[in-house]
There are 2 protein chains.
Amino acid sequence: MPARIPLDANAILAATEEILRRHGPDKATVVDVARALGVSHAAVYKHFPSKQALREAVTRRWLDRSRDALAVIAADSAVPPARRLRTWLHALLAGKQAKVREDPELFAAYGILAAAHSSVATDHVADLLGQLTAIIADGAADGSLRTDDAAATARVVFTATAKFNHLAHAAEWQNPGIGAELDEVCSLLLDGLHTRMSP
Amino acid sequence: MPARIPLDANAILAATEEILRRHGPDKATVVDVARALGVSHAAVYKHFPSKQALREAVTRRWLDRSRDALAVIAADSAVPPARRLRTWLHALLAGKQAKVREDPELFAAYGILAAAHSSVATDHVADLLGQLTAIIADGAADGSLRTDDAAATARVVFTATAKFNHLAHAAEWQNPGIGAELDEVCSLLLDGLHTRMSP
DNA sequence: CAAGTTACAAGCTTTGACATCTGTTACTCA
DNA sequence: TGAGTAACAGATGTCAAAGCTTGTAACTTG
């Protein structure tokens, strides 16, 4: 009987993240989470309406951490927008590579939610697109990037780099040449985005 | 007892394709194929060393048909290379959409082979890259597309359009806006590839 | 002897009984 | 009355036994 801290949503999230990491998304049960907290599984259901909601909350927290790390790069106005775009796309890839390697269980949990069309996945993509839009808008503002609509261009850039950001390609992120490949795609895209010397 | 045509590799391939279409890759057995041909399953093994080899042969034939259809577009020198590139990428997408819709079982069989790193999949990609390289080389030759190395550029274009050509995105090909999205990516890529007016 | 068959071992799937998990409800207790 | 528990029904998952499937080998036949 551990001295019981009163149960709150945060303690449940932390315990769930731990269980998810240990057992993986297929084996992690809410009974496991409750046992780790020293309560009955029904107690967990007082704080979260379903196992699905619990998983989403854990995954959202996990994704928000990487979103925040990328936001620092996106907002760094000391770096010219074209270079910032390239750096940001590389950081996005590096972050995903690290997650697959170091946190495969949580990554798998995210994959399951994305496949189920959970809002966690679409919201995360929307966050990333927002950052990309901000970089491109900065480029449009200082005249270094040519675009009519920063948000639309951001979507196109995100689509063209799908191989480096979409879950479906996770297996390919372990290939050694992947960073160089992203660099080449970036170069071609930036060639298209740079302001022309003449019409 | 149907009047038995002497068994040959081609008859086996046709029967396998039919069985694969009917039962799907998970349920299709070589006993089924043999039954459809009115022979024992061991007879099939006289012509193909394994079930895997049989499946690969069927899938290869199926992929070669679409490769040939695309080759006509790639080789059409009446169309300027930039426009030909765009048309080819759209045709590739349209062909895949049609296959997923009309031949989901054979498409699934292809997916299984690709996941198993079969040479069928890598060879098919190599064929497609060859066609793309030819288009880009034509553009380099007539001065309309800027590239140092047509094959390398073809790889970059293929990567940047992964969302429209890679199996992993098959589910997204049914979205209504997908053609327009490809168009936007093409435009950005072609902006990058077009010869500049000045350095 | 080319083309096919029957018979069989090893390895996978199905199957069905059994256990566990999810989510709810009626209850307890400070 | 808010926070948790015990008990439960229905869905889901597990596991071993039985039945197919794959691939091989020895055998048959025109």
Side-chain angles (χ1 to χ4, degrees), chain A residues 1-59 105-106 108-109 111-113 115-116 118 120, chain B residues 1-59 105-106 108-109 111-113 115-116 118 120:
Chain A
M1 295 290 123
R4 273 258 299 295
I5 289 141
L7 200 58
D8 70 342
N10 224 48
I12 295 175
L13 287 179
T16 304
E17 185 166 329
E18 181 56 25
I19 294 291
L20 220 39
R21 240 189 274 274
R22 259 228 268 292
H23 299 3
D26 296 339
K27 294 281 183 185
T29 72
V30 354
V31 173
D32 289 333
V33 173
R35 192 167 26 238
L37 291 160
V39 299
S40 72
H41 80 280
V44 174
Y45 280 95
K46 296 285 181 190
H47 295 264
F48 291 91
S50 68
K51 180 183 184 176
Q52 168 90 350
L54 180 54
R55 258 206 197 149
E56 291 190 357
V58 170
T59 307
E105 307 297 8
L106 283 179
I112 289 166
L113 293 181
S118 158
V120 172
Chain B
M1 293 290 123
R4 274 259 299 294
I5 290 142
L7 200 59
D8 70 341
N10 224 46
I12 295 175
L13 287 179
T16 305
E17 187 166 326
E18 181 55 25
I19 294 291
L20 220 40
R21 241 190 272 276
R22 259 228 266 296
H23 299 0
D26 296 340
K27 294 282 181 183
T29 72
V30 354
V31 173
D32 290 333
V33 172
R35 193 169 24 238
L37 291 162
V39 298
S40 73
H41 80 279
V44 173
Y45 279 95
K46 298 283 178 189
H47 295 265
F48 291 90
S50 68
K51 180 184 183 174
Q52 168 91 350
L54 179 54
R55 259 207 198 149
E56 290 190 357
V58 169
T59 306
E105 308 296 8
L106 283 178
I112 290 166
L113 293 181
S118 158
V120 173

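In what follows, every heavy atom counts, from backbone to side chain, and hydrogens, waters and symmetry copies are set aside. Chain naming here is simple, since letters A, B, ... match the order of the sequence lines and numbering starts at 1 in each.
In this structure, the nucleotide among C:dT6, D:dT5, C:dT22 sitting nearest to the side chain of A:Val39 is D:dT5. Among the nucleotides C:dA7, D:dT5, C:dC21, the one closest to any side-chain atom of B:His41 is C:dA7. Looking at the side chain of B:Tyr45, the nearest of the listed nucleotides D:dT24, C:dG4, D:dT5 is D:dT24. When distances are taken from the side chain of A:Lys46 to each of D:dT5, D:dT22, D:dA26, the shortest belongs to D:dT5. Here the side chain of A:Ala42 is nearest to one of C:dT24, C:dC21, D:dA25, namely C:dT24. Proximity note for A:His47 (side chain, C-beta onward) versus C:dT14, C:dT24, D:dG4: the nearest is D:dG4. Closest to the A:Ser40 side chain, of the nucleotides C:dT22, D:dT22, D:dT5, is D:dT5.
Residue-level contact check: A:Thr29 touches the backbone only, with heavy atoms under 4.0 Å from sugar-phosphate atoms and none from bases.
As rounded to whole Å, 14 Å separates atom C1' of D:dT21 from atom CG of B:Asp26. B:Leu54 places its CG atom 13 Å from the C1' atom of D:dG23, with the value rounded to the nearest Å. Regarding A:His23, its NE2 atom lies at a distance of 17 Å from the P atom of D:dG13, rounded to whole Å. B:Phe48 places its CZ atom 15 Å from the P atom of D:dT22, with the value rounded to the nearest Å. For A:Ile12 and D:dG4, the CD1 to C1' distance is 11 Å, given to the nearest whole Å. B:Lys27 has its NZ atom 8 Å from the C1' atom of C:dT13, to the nearest Å. B:Ile19 places its CD1 atom 12 Å from the P atom of D:dT22, with the value rounded to the nearest Å. What separates NZ of B:Lys51 from P of D:dT24 is a distance of 15 Å, to the nearest Å.
When A:Thr16, A:Asn10, A:Asp8 are each tested for a side-chain contact (heavy atoms from CB on, under 4.5 Å) with A:Ile12, only one passes: A:Thr16.
If one axis is set at each end of the helix from C:dC1-D:dG30 to C:dA30-D:dT1 from five pairs, those axes are 10° apart, to 10°.
Side-chain contact between A:Thr59 and A:Ile112 is absent, with no heavy-atom pair separated by less than 4.5 Å. Using a 4.5 Å cut-off on side-chain heavy atoms (C-beta onward), A:Leu106 and A:Val58 make contact. Using a 4.5 Å cut-off on side-chain heavy atoms (C-beta onward), A:Asp32 and A:Arg35 make contact.
When all heavy atoms of A:Ala11 and A:Leu37 are compared, the pair lying nearest together is O-CD2, 3.9 Å. The minimum heavy-atom distance linking B:Pro25 with B:Ala108 is given by the pair CG-CB, 3.7 Å.
Of the possible polar contacts, none joining the A:Arg55 side chain to the A:Leu20 backbone as a donor-acceptor pair under 3.5 Å is found.
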